[in-house]
Amino acid sequence: MATETLRVDAVVIGAGPGGYVAGIRLGQLKKKALVVEKDKPGGICLNVGCIPSKALINASKLYDKLRHGSEIGILADNVRVDMGQMQRWKETVVGKLTGGVRILLKGNGCDYRTGVAHITGRSGALVVEVEGSGADAGKSIRVETSAVVVATGSRPVEIPGFAFDGNRVVDSTGALAFAEVPGRLVVIGAGYIGMEIRTLYAKLGSKVAVVEALPTILPGTDPELAAVVARRLKKMGVETITGAKAKSWADRGDRATVTVETQGGDVQLDADKILVAVGRRPNSEGLGLEALGVRIERGFIHVDRRQQTNVPGIYAIGDVAGQPMLAHKASREAEVAAEVIAGRRAEMDARTIPAVIFTDPEVATAGITAEEAQGRGRKVRVGKFPFAALGRAIANHDTDGFVKVIVDAETSEVLGLEVVGNGAGDIIGEAALAIEMGALADDVGLTIHAHPTLPEAIMEAAKASQGEAIHIQNRTQ
Ligand code: NAD
């Protein structure tokens with residue numbers, strides 16, 4: 001195998017929303033960078049996660065709307081799903097974005113190679129050895145660099161008795177690539193992934209059952225918001241078994257049966273497919289980090305606010321560098337790492353990392369909950385505004401949900417904002433900006449919001465926290 005030798009300022013390992021953003025930003029800052037990716041540019045998010053799931057969720061919503069459109073005067077007979085075509089369309093969406101990543105890296109002067117990278121040690125500079133694969137198979141590179149950015153992401157956790165077999169038992173990647181809509185789908189885990197994918201297939205017509213070990217769906221989410229999602233799922237006929245553990249499964253030829261341990265004894269569920277979505281684990285092994293003495297805690301690489309590990313020159317970003325495992329957190333950390341490498345004064349100082357769960361209705365949060373604020377010794381006022389009172393939501397025929405704003409009772413500062421309702425993911429950006437800028441409830445409430453739009457609910461909730469909402473009866477505080 002021919003070995004090429006390179007000398008760069010930074011090697012980025014992984015080309016997900018962390019790694020490729022680091023490559024682009026390093027290029028912008030005139031640093032000679034090489035991004036190494038063993039699979040495809042874009043990582044899990046663009047190829048088999050955020051983007052394809054949103055393409056399919058959007059398609060499933062359209063199908064569901066058409067089937068239930070008679071109340072608003074749409075009579076569509078014989079609406080069907082062509083799963084093969086839906087999958088091909090999804091692939092074109094992914095292709096556009098991943099192709100764009102390659103173009104952006106190139107445009108910013110960042111080198112990109114397909115291969116497996118391993119940090120082999122120090123000899124003056126850090127050394128990274130890359131064994132080419134895919135388009136670069138048969139080529140190996142020895143790279144000398146002053147910085148390495150580890151952006152290797154995470155992988156799904158397996159549970160005993162449910163090894164992924166790519167057929168009956170699948171992870172989220174498998175579930176987003178089904179060639180047909182499964183007749184019966186059992187989802188293990190009611191977190192982000194389980195809840196998004198169950199919503200998708202329930203809308204496409206699968207009979208879905210979900211098994212969650214904890215007492216509620218979407219653990220970690222304000223129960224008041226999760227309850228709205230639970231109600232809608234019940235209406236859609238989705239079975240939810242909480243406080244239960246999937247023990248084992250057996251192949252019955254034409255189907256599988258899943259044995260679930262519940263408080264009332266074992267329950268059997270029939271399934272064509274079983275999705276296991278019980279969390280993700282960081283990919284920190286096999287990179288040579290242990291030999292260099294990089295501090296790793298429960299699989300996560302330990303970093304400071306400048307994304308630096310305890311070993312000079314080695315940085316980590318994204319899922320591998322700690323919770324929350326969210327693409328947009330990885331991208332911001334990537335900018336910080338690139339800027340620090342380029343000698344700028346940058347650090348991860350976000351007041352909030354917003355989170356969106358693309359269920360029906362959507363859930364979006366930014367900042368802290370009322371309980372968290374009280375736990376930090378702050379007195380809070382809460383303002384709430386229901387979508388049922390909002391002109392645009394009524395016109396959209398989609399009124400489940402509300403906006404809740406958490407305000408410091410003494411300073412009036414907006415501490416947190418929670419939204420459950422369709423469109424939540426698109427309106428949470430305003431909340432994140434308000435929190436980042438230290439906005440007061442009046443800053444949000446007195447900003448003129450265009451009518452008729454969903455963000456008016458944020459304005460009204462901010463006014464409600466002062467007892468001054470216009471389109472609901474204010475409660476005396
Ligand atoms: P998660 O941690 O969100 O949820 C896993 C769920 O599985 C938990 O509710 C847990 O109690 C349950 N569980 C664990 N073991 C179980 C068992 N044996 N039986 C039944 N239930 C069990 O994990 P996830 O849904 O796999 O998602 C992984 C990561 O991906 C998350 O950290 C999330 O941040 C990220 N993600 C984000 C988005 C988004 O931003 N919209 C979408 C998908 C995934």
Side-chain angles (χ1 to χ4, degrees), residues 16-18 43-58 153-164 169-176 186-200 209-221 223 225-226 229-230 239-249 258-263 266-267 269 274-283 298-300 318-331 353-366 419-420 424-426 428 432:
I44 299 286
C45 177
L46 268 66
N47 288 286
V48 289
C50 332
I51 294 298
S53 68
K54 260 73 284 167
L56 295 180
I57 286 170
N58 186 53
S154 62
R155 61 184 185 282
V157 168
E158 267 189 356
I159 49 172
F162 291 86
F164 297 122
V169 185
V170 296
D171 59 8
S172 55
T173 301
L176 294 174
V186 169
V187 176
I188 304 174
Y192 274 66
I193 295 180
M195 292 297 292
E196 289 189 7
I197 294 182
R198 74 188 271 197
T199 307
L200 153 64
V210 79
V211 179
E212 165 59 48
L214 293 175
T216 55
I217 63 161
L218 295 174
T221 303
L225 276 74
V229 180
E239 186 181 0
T240 305
I241 309 173
T242 51
K245 267 200 171 158
K247 269 197 337 200
S248 58
W249 72 280
V258 180
T259 304
V260 180
E261 190 185 316
T262 71
Q263 279 128 359
D266 283 3
V267 172
L269 298 171
I274 305 162
L275 163 65
V276 179
V278 295
R280 298 182 65 85
R281 160 172 308 148
N283 292 326
R298 300 161 100 219
F300 290 106
D319 288 8
V320 77
Q323 299 280 4
M325 293 190 180
L326 296 172
H328 42 279
K329 171 228 176 215
S331 299
I353 300 168
V356 183
I357 312 171
F358 295 88
T359 39
D360 182 14
E362 292 170 4
V363 173
T365 54
V419 188
V420 58
D426 291 317
I428 202 68

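Just so you know, ligand 1 is whichever comes first in the structure, and atom 1 is the first atom listed for that ligand. Sequential numbering from 1 along the given sequence is applied to the chain's residues.
Residue, atom and distance of the protein heavy atom nearest to atom 21 (N) of ligand 1 are Ala213 N, 3.1 Å. Closest protein heavy atom to atom 35 (C) of ligand 1: Met325 O, 3.4 Å. Residue, atom and distance of the protein heavy atom nearest to atom 29 (C) of ligand 1 are Arg280 CD, 3.8 Å. In terms of protein heavy-atom proximity, atom 16 (C) of ligand 1 is nearest to Val278 CG1, 3.5 Å. Of the protein's heavy atoms, Glu212 OE2, 3.5 Å lies nearest to atom 10 (C) of ligand 1. At the shortest separation from atom 43 (C) of ligand 1 among protein heavy atoms lies Ile193 CG1, 3.3 Å. Scanning the protein heavy atoms around atom 37 (C) of ligand 1, the nearest turns out to be Tyr192 CD2, 3.1 Å. Looking from atom 19 (N) of ligand 1 to the surrounding protein, the closest heavy atom is Ile188 CG2, 3.6 Å.
In the vicinity of Phe358, heavy-atom distances shorter than 4.0 Å reach the ligand 1 atoms 41 (N). Listed by atom number, the atoms of ligand 1 under 4.0 Å from Leu326 heavy atoms are 34 (O), 37 (C), 40 (O). Counting atoms of ligand 1 from 1 in the listed order, those under 4.0 Å from a heavy atom of Val211 are 20 (C), 21 (N). Counting the atoms of ligand 1 from 1 in the order shown, those under 4.0 Å from a heavy atom of Gly191 are 3 (O), 4 (O), 6 (C), 9 (O), 25 (O). Taking every non-hydrogen atom of Leu214 and a distance limit under 4.0 Å, the qualifying atoms of ligand 1 come out as 11 (O).
Counting heavy atoms from C-beta on, the side chains of Ile57 and Glu196 come closer than 4.5 Å. Contact check for Thr221 versus Ile357: side-chain heavy atoms found under the 4.5 Å cut-off. Within the 4.5 Å cutoff, side-chain heavy atoms of Ile188 are placed close to those of Val278. The shortest side-chain heavy-atom distance between Phe358 and Thr199 does not fall under the 4.5 Å cut-off. When side chains are defined from C-beta on, Met325 counts as touching Pro282, because their heavy atoms get closer than 4.5 Å.
The closest approach between any non-hydrogen atom of Ala355 and ligand 1 is not below 4.0 Å. Taking 4.0 Å as the cut-off, Pro219 counts as a neighbour of ligand 1 on heavy-atom distance.
Shown here, atom 33 (C) of ligand 1 is in close reach of the protein: a heavy atom of it lies under 4.0 Å off.
Of the candidates Ala277, Gly189, Ala246, Gly161, it is Ala277 that places a heavy atom closest to atom 5 (C) of ligand 1.
When each of Ile193, Leu176, Ile197 is checked for a side chain to side chain contact (heavy atoms under 4.5 Å, CB included) with Ser53, only Leu176 meets the rule.
For the atom pair CG of Asp360 and CZ of Arg198, the computed distance is 11.5 Å after rounding to the nearest 0.5 Å. For the atom pair CG of Leu214 and NZ of Lys245, the computed distance is 9.0 Å after rounding to the nearest 0.5 Å. The structure places NZ of Lys54 at 8.0 Å from SG of Cys45, a figure rounded to the nearest 0.5 Å. In this structure, CZ on Phe164 lies 11.0 Å from CD1 on Ile274, to the nearest 0.5 angstrom.
At under 3.5 Å, a nitrogen or oxygen of Gly279, whether backbone or side chain, sits near a nitrogen or oxygen of ligand 1. An N or O contact shorter than 3.5 Å links Glu196 to ligand 1 by distance. Some N or O of Val356 is nearer than 3.5 Å to an N or O of ligand 1, by distance alone.
Between Val186 and Leu269, the shortest heavy-atom contact is CG2-CB, 4.0 Å.
A side-chain donor-acceptor contact under 3.5 Å links Lys329 to the backbone of Gly322.
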